[in-house]
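Single-structure report; data block below.
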Amino acid sequence: MTERESALSRVAPVAVGLVTIVVIFAIVEALIRIGWINRFIVPLPSAVLAAFGRVIAEENVLWRTAFTGAEALAAGILVAIFGGAIGVLLTRRRVLRLATETWVAALAAAPIVMIYPLLLVTFGRNAVTIVMIGFVAGLPPVILKTVEGLSGTRRVLIDVGRSFKLSATQEFWKIRFPAALPTIFVGLRLGIMFALINIVGVEFLINFGGLGQLVNDLAERYDLPATYAAIFFVVLVSVAFFLVTERVERWLATR
Amino acid sequence: MTAVLEVQDLVKRFSNGADSITAVDRVSFTVAPGEVLAIIGPSGCGKSTLFNVIGGLIDQYEGRVVIEGETVAGPHPAIGMVFQEESTFPWRTVEDNVAFPLEIAGVPREERLKRAREYVALVGLSGFERHHPAQLSGGMRQRVAIARTLASRPKILLMDEPFAALDEQTRFLLGDKVLQIQQQLAQTTLLVTHNIAEAVQLADRVLVMTYRPGRVKRIVDIALPRPRTSEAASSAEFGRYVAHIWSDLRDEASRGMLDAEAQSRRAE
């Protein structure tokens, strides 16, 4: 592959993605303008674009993005530490695993957001409540994927370790953990995604904090273009976490 | 010459509830320093069990495995194992894979990478040091696994059908590579295989095993001249060895096949 072809293969997917978005927005814009879609339900994409300046200058959206990002980061770190540790424990203790795995899987599908009144009473109307809801929501996928990754290590890789007389600690850090890393990170990405959804949801519900509260405020004011512009920043936080976890995974894999 | 490896009256039984299967029965043999001994037999003759017992991955057996006069139990640093299944670490580069045993031994990074590159060159993979296994062919990956084992400088290289997943031509060519390495390092090698041509191509002696329970049926001396290459496969002598070993193996392989058919019928 020549340098030009290689550069093209990198740029092409991004270009196709952007063009697709522009085309969809143009179609929606046209459908709203000719009256096929009600502009009081779906705002004009051009109006949403125009609202960006307003939400940045008047609604402090960058600070709110950082606030929600920090909550998601705190929840993500807690989820990684506790989810990983519980996953390791369940892999090592078969009885515990058999006893709890179904419950953890059920928890992953449960509407965790419904426990927010309980957390509100326990921690108060503050960021701790929001981080805790993110933590509880993000925990199940990390536990399940850590168990799946660690117990799915190929037998022959373990045998290679045994043939080199690795200690149990070496076997874990040199073989089981790196072999499980891609699966664990699938869980971590899912966990952070679940955490972020619940964080923004509870910010919305208790009218506190970052982007969720802003979306609530703007929706209350029926400022639909600004509401959609604020939602874009939620997507931005999600994409940022995806990129960061990808980098961390790559860095850990080469350790 | 004193044997570097002695296997004495080895018996290994596997129990499944009340049933007990004798996989290996009173197997004894010796391997001299620098010698290549191939162990050949039909599927189910206990070759892989023997491989795992000698490598220390299976315990609770009768008999003894003796390395340089010392009875051993469990994995021993004198033995380096190469597995049939693809066993490179996919998250490590070629040189980091090969440097793995040196890393475990605590060799500093610069030194271990320098030594790893020597073994990468030995198996003919210079230029691929920074590649990951996913970027290599099956045969190249198996060479990485061999280089990784050789980097631990084992006295005995123990290989379990290392080329079983590869096509015939690649297998012959990798056989040449093993012959070249073996000659360069005077590496004592124990090769477990079900491929007669591979056994004749590589070995000084071929130990033929019976079908279950695995016993030593015969040991055939391969008097083909060394240094040897895969071109020897076209000689009449090579063909005679293959025919001779096949005549020993044929009955055993037939028994194995009939047994497998009977098991399938019972399972229906």
Side-chain angles (χ1 to χ4, degrees), chain A residues 1-3 5-6 9-10 80 84 87-88 91 142 145-189 244-255, chain B residues 48 51-59 72-93 95-106 109 130 132-134 141-142 144-146 148-154 156-162 164-165:
Chain A
M1 199 185 277
T2 66
E3 212 166 285
E5 283 170 336
S6 155
S9 72
R10 276 198 307 272
V88 171
T91 312
V142 180
K145 286 290 174 184
T146 303
V147 171
E148 183 188 321
L150 290 176
S151 52
T153 311
R154 284 166 53 221
R155 185 71 234 169
V156 69
L157 299 185
I158 306 290
D159 282 345
V160 170
R162 288 178 66 201
S163 77
F164 288 127
K165 286 182 83 81
L166 263 59
S167 66
T169 312
Q170 284 174 323
E171 184 192 285
F172 180 82
W173 289 112
K174 300 283 182 191
I175 296 179
R176 285 188 192 268
F177 181 69
L181 214 52
T183 315
I184 292 173
F185 266 80
V186 168
L188 197 56
R189 275 188 211 103
V244 167
T245 50
E246 205 173 45
R247 284 287 165 92
V248 173
E249 182 186 353
R250 217 176 296 162
W251 178 77
L252 275 174
T254 55
R255 291 302 94 194
Chain B
S48 292
F51 170 83
N52 285 318
V53 167
I54 297 168
L57 302 185
I58 289 182
D59 50 14
V72 298
H76 192 276
I79 290 187
M81 301 176 82
V82 177
F83 297 84
Q84 179 180 354
E85 224 181 303
E86 209 280 285
S87 68
T88 53
F89 300 129
W91 58 89
R92 284 174 172 253
T93 60
E95 62 185 10
D96 280 335
N97 259 287
V98 176
F100 183 74
L102 305 171
E103 185 181 322
I104 298 303
R109 184 164 171 81
R130 304 295 303 155
H132 280 84
R141 277 182 233 167
Q142 203 55 305
V144 174
I146 292 171
R148 180 179 60 192
T149 304
L150 289 173
S152 68
R153 296 187 178 163
I156 304 153
L157 179 64
L158 185 57
M159 299 201 283
D160 182 17
E161 309 200 31

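By convention in this document, chain letters (A, B, ...) are assigned in the order of the sequence lines, proteins followed by strands, and residues within each chain are numbered from 1. Reckoned from all heavy atoms, side chains included, excluding hydrogens, waters and symmetry mates.
Distance NZ/K174(A) to CZ/F89(B): 10.5 Å, rounded to 0.5 Å. In this structure, CG on D159(A) lies 7.0 Å from CE on M81(B), to the nearest 0.5 angstrom.
In this structure, chain A has no heavy atom under 4.5 Å from any part of T93(B). With a threshold of 4.5 angstrom between heavy atoms, S87(B) approaches chain A through its backbone and through its side chain. Heavy atoms of L181(A) lying under 4.5 Å from chain B are absent altogether.
Using modelled atom types, one side-chain atom of K165(A) and one backbone atom of P75(B) make a donor-acceptor pair closer than 3.5 Å.
Across all non-hydrogen atoms, the minimal contact from F164(A) to T149(B) is CZ-CA, 4.3 Å. Heavy-atom minimum distance, S163(A) versus L57(B): N-CD2, 4.2 Å.
No side-chain heavy atom of L252(A) sits under 4.5 Å from any side-chain heavy atom of W91(B).
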*Pair R154(A)-E85(B), side chain to side chain contact (heavy atoms under 4.5 Å, CB included): steps then yes or no*: CA-CA 10 Å; R154(A) 284 166 53 221; E85(B) 224 181 303; 3.9 Å; yes
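Comparing Q84(B), H76(B), R148(B) by heavy-atom pairs within less than 4.5 Å of chain A, the highest count is held by R148(B).
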